[in-house]
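Scroll down for the structure; my scribbles are underneath it.
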Amino acid sequence: MGDILNFRRLLRTPGLAIAALITLLPSIARAQEEAMGIDEKINELISPVSNVIVNVIFYSVPLGDTAFPLIVGWLVIAATVFTLYFGFIQFRYFGHAISLVKGDYSNPDDAGEVSHFQALATALSGTVGLGNIAGVAVAVSIGGAGATFWMILAGLLGMASKFTECTLGVKFRNEYGDGTVSGGPMYYLEKGFALKNMAGLGKGLGVFFAVCCIGGAVGGGNMFQANQSFQQFVNVTGGEASFFADKGWLFGIVMALIVGVVIIGGIKSIARVTEKVVPFMAVIYVGAALVIILMNYDMVGWAFGQIFSGAFTGEGVAGGVIGALIQGFKRAAFSNEAGIGSASIAHSAVRTKEPITEGFVSLLEPFIDTVVICTMTALVIIITGKLGSDLTGVALTSSAFESAFAWFPYVLAVAVILFAFSTMISWSYYGLKAWTYLVGEDKKMELIFKLVFCLFVVLGASMSLGPVIDFSDSMIFAMAIPNIIGLYVLMPFVKAELEQYTAKLASGEIRKFKHT
């Protein structure tokens, strides 16, 4: 009780937020040690509700010899529509997007909190993660090498979805007097629909999105990440014999403190971390993959042959061609989150007066996440001959890399922890903006959310929460329902922004800036 009273006193002084977090964590640790069975009780409590929601959100229909989740079709069809509506924008403006990320057109006097590169890094840190390591392995082990082809295709199409939602995120964001901003689907749903004389519908969709976003942030963007990174940490420190095997709470406390230090500083602090962590993660993981590919350069042509032939002949263990297509589309949708709307929350904080510029920058995300990183994982698995083994998930990926580097499981553990950490800090911001949309822009309410988020890091690392994770996954994909509806209704605004911007670019009104 003394800890709680002390926490309340500290909460009155936002500058002591970290101290407040430290004050509460020992109480949680003791509670975890004294009540290790609490996770089973939570599972029993939430399981009936979770099962219903999961069955609705991931409702599947039979297609060939396998099942196709309608939510995946919802995302892929939308991505195809936006690709056609904007005239294959992801290919036409790919080079311009890179120029924007480099800062060639960035005016430091524009409203916003972070640079184009920082916004891209923050959003990427929320998507690049375990899906790129374990999810790809699941996809190819079920759908065969051909799943990679459909994964790449869905990733390329998803670039148009990201372009659409992130342009709208900046266009309809709220800008405040202190220089901070708030944006994302909840704002463009409310404000954009009001311009279409559908204010009530827009507000309702915005609230629905925000509620789902908070659920997804706390579960999939937090507890799941803490849980999986702890499991990988235990694996490389001795497995069941590890000193840490039964001390998830200790790992969680350390992780929570690190996350807390970053997120309590706000989006600028998050962006400063992600702009360093994301490139480092990419160098570690993609670098190792490239070395393996170069060591087996004579097999690269064969590997791509397997990918293309498998896409149309169906060599996977489930569903033939349709199975390969479904697994590829699922992995792309689950990995890059194009159409979910989450990334537009991070991109809304960018410094720019031209909303379309952040649309261009964001289309790079699915390319990096799915077309590059996921494909690298698939190629390593195929080239090393591990495809077809009894392994799946992270074990398959680890085994494929380990065949070339005996020490890779340790590197993979570092990568998983970094992926988890970066995902947590990004999703903390997504959840925060959804929270403040519902309760109002208030510093104390923001602090409460950040502290609660950190406490859930400890819970996630120390508990086995199957139904909770299933529930949070369904919340993340439920976000796509109101978001895609909004994108369909509001995409004419994006086209108008595109036409206006290209005219300014052609006339020279938009020019490159020299940065010292």
Side-chain angles (χ1 to χ4, degrees), residues 94 97-103 114-137 148 151-152 155 225 228-229 232-233 235-236 255 258-259 262 269-297 300 303 331 335-337 343 346 361-384 394 396-426:
F94 190 88
I98 294 175
S99 295
L100 288 165
V101 172
K102 288 166 55 185
V114 298
S115 68
H116 285 300
F117 177 75
Q118 288 176 324
L120 176 66
T122 301
L124 267 174
S125 70
T127 58
V128 175
L130 293 170
N132 303 81
I133 298 173
V136 174
T148 309
M151 179 180 68
I152 294 171
Q225 304 300 324
Q228 292 301 296
S229 57
Q232 190 67 20
F233 180 74
N235 288 343
V236 297
M255 185 70 88
I258 298 171
V259 169
V262 175
S269 175
I270 293 171
R272 283 194 297 270
V273 173
T274 56
E275 74 173 339
K276 295 177 178 65
V277 171
V278 169
F280 180 65
M281 291 190 307
V283 168
I284 288 180
Y285 192 73
V286 176
L290 279 173
V291 169
I292 293 176
I293 291 169
L294 291 174
M295 287 169 58
N296 299 275
Y297 69 91
V300 173
R331 177 43 36 214
S335 180
N336 62 49
E337 297 173 15
V361 169
S362 69
L363 62 78
L364 295 173
E365 277 175 48
F367 182 82
I368 296 170
D369 176 277
T370 305
V371 179
V372 176
I373 299 180
C374 286
T375 302
M376 287 287 187
T377 301
L379 278 174
V380 169
I381 292 171
I382 296 167
I383 285 174
T384 56
V394 70
L396 175 56
T397 305
S398 181
S399 175
F401 278 90
E402 190 179 2
S403 66
F405 309 114
W407 41 261
F408 189 78
Y410 298 98
V411 175
L412 187 64
V414 173
V416 167
I417 292 171
L418 284 176
F419 284 158
F421 168 68
S422 64
T423 298
M424 283 190 279
I425 61 177
S426 295

Passing option when V136 is tested against T370, I373, T377 for side-chain contact (heavy atoms from CB on, under 4.5 Å): T377
Atom of P366, atom of G155 and distance for their closest heavy-atom approach: CB-O, 3.4 Å
Heavy-atom check, side chain of I383 versus side chain of V300, under 4.5 Å: yes
Value rounded to 0.5 Å, distance of OG1 in T384 from CG in L396: 7.5 Å
Exam field: side chain S426 to backbone T423, donor-acceptor pair closer than 3.5 Å: no
pair I152-T375: side-chain heavy atoms closer than 4.5 Å: yes
Within-4.5 Å side-chain heavy-atom neighbours: D369 and E337: no
Ring geometry between F367 and F94 (parallel below 30°, tilted from 30 to 60°, perpendicular above 60°): perpendicular
For the student: nearest non-hydrogen atoms of M376 and A289, plus distance: CB-CB, 4.0 Å
Distance in Å, I382 CD1 paired with N296 CG, rounded so as to fall on 0.5 Å steps: 12.5 Å
Closest contact, heavy atoms only, A137 versus T397: CB-OG1, 3.4 Å
Heavy-atom side-chain contact between I417 and M255 under 4.5 Å: yes
